[in-house]
Amino acid sequence: MNEIILLKLGEIVLKGLNRKAFERKLLSNIAYRLKPFGEFKITCLQSTVYVEPKTDDIDMDEVFDACGKIFGVISMARAKGCEKDKDAIAALAIRYLKPQMEAAKSFKVESKRSDKSFPMTSIQLSQYVGGELQEAFPNTPVDVHDPDLTVHVEVRDLAAYVHADPVPGAGGMPVGSNGIAVTLLSGGIDSPVSTYMIARRGVRLIPVHFFSFPYTSEQAKEKVIELAELLTQYCGRMTIEIVPFTHIQEEIRDKCPEEYFTLIMRRFMMRIAEKIALYNGARGIVTGENLGQVASQTMEAMAVTRAVAALPVLQPLIGFDKEEIVRLARRIGTFNTSILPYEDCCTVFTPRHPRTKPKLADVEAVEKALEIDTLVQEAFDGIEHFPVGEH
Ligand code: ATP
Ligand code: MG
């Protein structure tokens with residue numbers, strides 16, 4: 001019988017979010033993510049999702065890896081099935097869990113029956129399989145209180161399954177169970193991580209990138225699309241919105257005092273992001289800002305930046321140390337792409353002495369030199385859409 005994967009459901013925190021909707025979302029996300037690997041039967045029973053391959057040519061290492069990136073799964077295990085017979089179960093446990101049994105300092109068996117017609121109780125079955133395992137691995141003692149390894153036996157409708165201790169899943173909530181937000185995706189290290197973190201809270205994301213051709217190159221754009229593509233492993237399919245930003249930056253350069261360049265540029269980013277959000281039914285704006293990291297990330301500067309948007313600005317990295325962000329970026333697999341050396345629009349026309357404690361009234365006064373609404377509309381009309389994660 002084929003190996004299967006068991007995925008345990010994570011938290012369901014919002015009161016309004018009912019379990020059925022949460023499960024449906026999770027099941028459809030799993031089906032979408034596993035589609036490239038082959039055909040599966042995916043069912044949910046008692047807070048556990050059973051992923052059963054329909055053919056035996058499927059690479060289960062890859063599938064298990066992909067499952068580890070699906071939000072809403074708190075823990076997961078690979079399991080193997082056999083007929084519902086105590087000797088078949090014991091023989092399978094001895095064969096399938098040999099490496100784990102040999103490595104463990106102690107073990108116990110835990111059984112669950114969803115098929116109540118099985119002729120033994122859970123306790124009897126655990127004792128029987130435990131006894132057989134003990135005989136096969138005399139160097140691994142039983143410890144029912146604090147075992148190093150727990151051998152799980154599950155007797156289900158069609159078959160029985162055995163597996164070792166589950167490993168942690170991706171956690172969080174299924175993407176799409178908690179609304180939509182736009183996420184400002186630069187080519188840097190931080191914003192892919194902030195995108196990942198908000199996706200983990202069940203939010204579907206629309207990445208937005210501000211692109212200043214020819215000051216930033218075609219490769220810089222390709223890099224951001226590549227980052228979005230990498231993030232689809234966690235976020236599911238997305239459409240990245242590439243906003244032409246050159247005219248706005250040139251206008252700011254020509255008409256505003258240099259010390260305000262970055263701030264005014266960031267206010268334009270917020271206005272356009274909010275327009276994209278409202279157009280798509282999104283309810284928040286995600287950024288990779290981090291307190292004190294650069295001049296535009298002081299509390300004063302962030303207040304001025306977000307003053308133009310009514311939607312909540314979500315900054316999941318606000319209190320992180322750079323090392324923590326880098327560690328996360330490596331773990332989710334975006335770091336190596338983020339450090340490719342292409343320029344970002346923030347590095348075009350960077351002021352030599354940026355204001356770190358700007359006053360809103362001063363910024364609003366210098367912005368009067370610009371046709372704000374026209375510029376925002378022009379950028380919005382020029383957006384290019386790139387779908388990522390299609391299959
Ligand atoms: P990152 O590593 O994400 O680029 P950063 O530390 O370089 O962050 P800033 O350049 O000040 O910080 O940008 C702060 C945030 O603004 C970014 O995390 C990102 O969310 C957004 N942002 C910056 N530049 C762009 C851009 N060209 N397109 C879209 N969003 C951007
Ligand atoms: Mg940046």
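We use all heavy atoms of the structure for the numbers below, so side chains are in, but hydrogens, waters and symmetry mates are not.
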Ignoring hydrogens and angles, state whether a donor on the side chain of [X] or [Y] is under 3.5 Å from an acceptor on the partner side chain.
{"X": "His209", "Y": "Glu241", "result": "no"}
{"X": "Thr150", "Y": "Glu110", "result": "no"}
{"X": "Arg113", "Y": "Thr121", "result": "no"}

Residue pair Glu367, Tyr260: steps toward the side chain to side chain donor-acceptor pair (under 3.5 Å) verdict: CA-CA 9 Å; Glu367 262 181 5; Tyr260 290 112; over 6 Å; no
Between Ser338 and Leu227 the two heavy atoms that sit nearest each other are OG-CD2, 3.7 Å
Please tell me whether Leu97 and Leu133 are part of a single hydrophobic cluster in this structure, the criterion being side-chain heavy atoms less than 4.5 Å apart. yes
With sequence neighbours left out, what residues match Lys368 under salt bridge (charged side-chain N to carboxylate O under 4.0 Å, His left out)? none
Both conditions, 6.0 Å and 45 degrees, for the charged tip of Arg19 above the ring of Phe22: are they met here? no
Specify whether His163 and His152 have parallel, tilted or perpendicular ring planes, treating 30° as the upper limit for parallel and 60° as the lower limit for perpendicular. parallel
Which of parallel (below 30°), tilted (30 to 60°) and perpendicular (above 60°) describes Tyr161 and Tyr50? tilted
Not counting sequence neighbours, which residues clear ring pair (Phe, Tyr, Trp, His ring centres under 6.0 Å) with Phe380? List them please. Tyr279
Glu23/Lys20 ion pair, N-O < 4.0 Å: yes
Listed partners of Glu62 passing side chain to side chain contact (heavy atoms under 4.5 Å, CB included), at least two apart: Phe37, Asp59
In this structure, are over 12 heavy atoms from other groups packed under 6.0 Å from Glu218 atom CD? yes
